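What follows is a single structure, written as structure tokens, with notes after it.
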Amino acid sequence: LQKLREEHRELVNELREKKEELRMAAQELINLKGSLEGFKAQQIHLEDIRANLVNEINSLRESSRMELRRTERMEQTYAQVEGRLKALKGDIAKTEASYEKARNMTAEEEQRVSEQRRALRAAMEELANLELTMSQMNKQMYEERQQALSEMGQLS
């Protein structure tokens, strides 16, 4: 009987220990489930952030492509303006040469020379305007290239 009581006490103690372990395991399971839900929410949030970043990167790439095409068009315009400048400089040189020849001419020829002078002045004004435009375009193209390079660097 004593031995049975002893075994009974040991079994009761062991049962209490097992119940305590079970309670602790249940509490740990609840904690782990809470952590799992938190991780799932965090994962969803991180996936949303990733999607937004991918969209932003694609948008920046498209902007970069558009800026490069715009820069190429500006370079073409620049080349055309340079050609026009060379032509105007040639016209100015011809006009100056004919002006020198016309210095000692008669009254009729002086009228023609006067017209050539007006044409020369107009050509020189156009040349000055084109040079100013080219200067502004050079500055703008430089700034846009720097910005495009900066954006490309950020994409990398």
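Fair warning: this is a prediction, and the values are worked out from it, not measured in the lab.
With hydrogens and angles ignored, the 3.5 Å screen pairs no side-chain donor or acceptor of S64 with any backbone N or O of L60.
Rounding to the nearest 0.5 Å gives a distance of 7.0 Å between CD of Q76 and CD of Q80. The CD atom of E67 sits 11.5 Å away from the CD atom of E72 when rounded to the nearest 0.5 Å. Rounding to the nearest 0.5 Å places OH of Y78 at 14.0 Å from OG1 of T71. Atom-to-atom distance recorded for R70:CZ and M74:CE is 6.0 Å, nearest 0.5 angstrom. Going from atom CD of E151 over to atom CG of L68 covers 9.5 Å, rounded to the nearest 0.5 Å.
Considering only heavy atoms from C-beta on, R61 comes within 4.5 Å of N58 through its side chain.
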Please evaluate residues R16 and V12 with respect to the criterion side-chain contact (heavy atoms from CB on, under 4.5 Å), reporting the C-alpha separation (whole Å), side-chain torsions for both, the decisive distance (0.1 Å), and the verdict. CA-CA 6 Å; R16 282 186 195 141; V12 168; 3.6 Å; yes

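Within 6.0 Å of CD in E28 there are 12 or fewer heavy atoms belonging to other residues, nucleotides or ligands. Other residues, nucleotides and ligands contribute over 12 non-hydrogen atoms within 6.0 Å of the CD atom of E115.
Partners of S114 by side-chain hydrogen bond (donor to acceptor under 3.5 Å, both in side chains), not counting sequence neighbours, listed by chain and number: R118. Legend: residues meeting side chain to side chain contact (heavy atoms under 4.5 Å, CB included) with I92, ordered by chain and number and at least two apart, are E96, L120, A123, M124, L127. For E6, the salt bridge (charged side-chain N to carboxylate O under 4.0 Å, His left out) partners at least two apart in sequence or on another chain are R9. Every residue two or more places apart in sequence or in another chain was checked for a side-chain hydrogen bond (donor to acceptor under 3.5 Å, both in side chains) with E21, and none qualifies. With sequence neighbours excluded, the residues satisfying salt bridge (charged side-chain N to carboxylate O under 4.0 Å, His left out) with E62 are R65, R69. For the side chain to side chain contact (heavy atoms under 4.5 Å, CB included) test, residues two or more places apart in sequence or in another chain that qualify with K33 are L29. In this view, R73 satisfies the salt bridge (charged side-chain N to carboxylate O under 4.0 Å, His left out) rule with no residue, not counting sequence neighbours.
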Which side-chain N or O atoms in residues 41-51 pair as donor and acceptor under 3.5 Å with protein atoms at least two apart or in another chain?
| unit_1 | atom_1 | unit_2 | atom_2 | d |
| --- | --- | --- | --- | --- |
| Q43 | NE2 | E47 | OE2 | 3.2 |

List, one per line, each side-chain donor-acceptor pair under 3.5 Å for residues 130-141, sequence neighbours excluded.
| unit_1 | atom_1 | unit_2 | atom_2 | d |
| --- | --- | --- | --- | --- |
| T133 | OG1 | N129 | O | 2.9 |
| N138 | ND2 | M134 | O | 3.4 |
| Q140 | NE2 | E144 | OE2 | 3.2 |

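For residues 80-94, the set of pairs meeting the salt bridge (Lys or Arg N to Asp or Glu O under 4.0 Å) definition, not counting sequence neighbours, comprises R84-E126.
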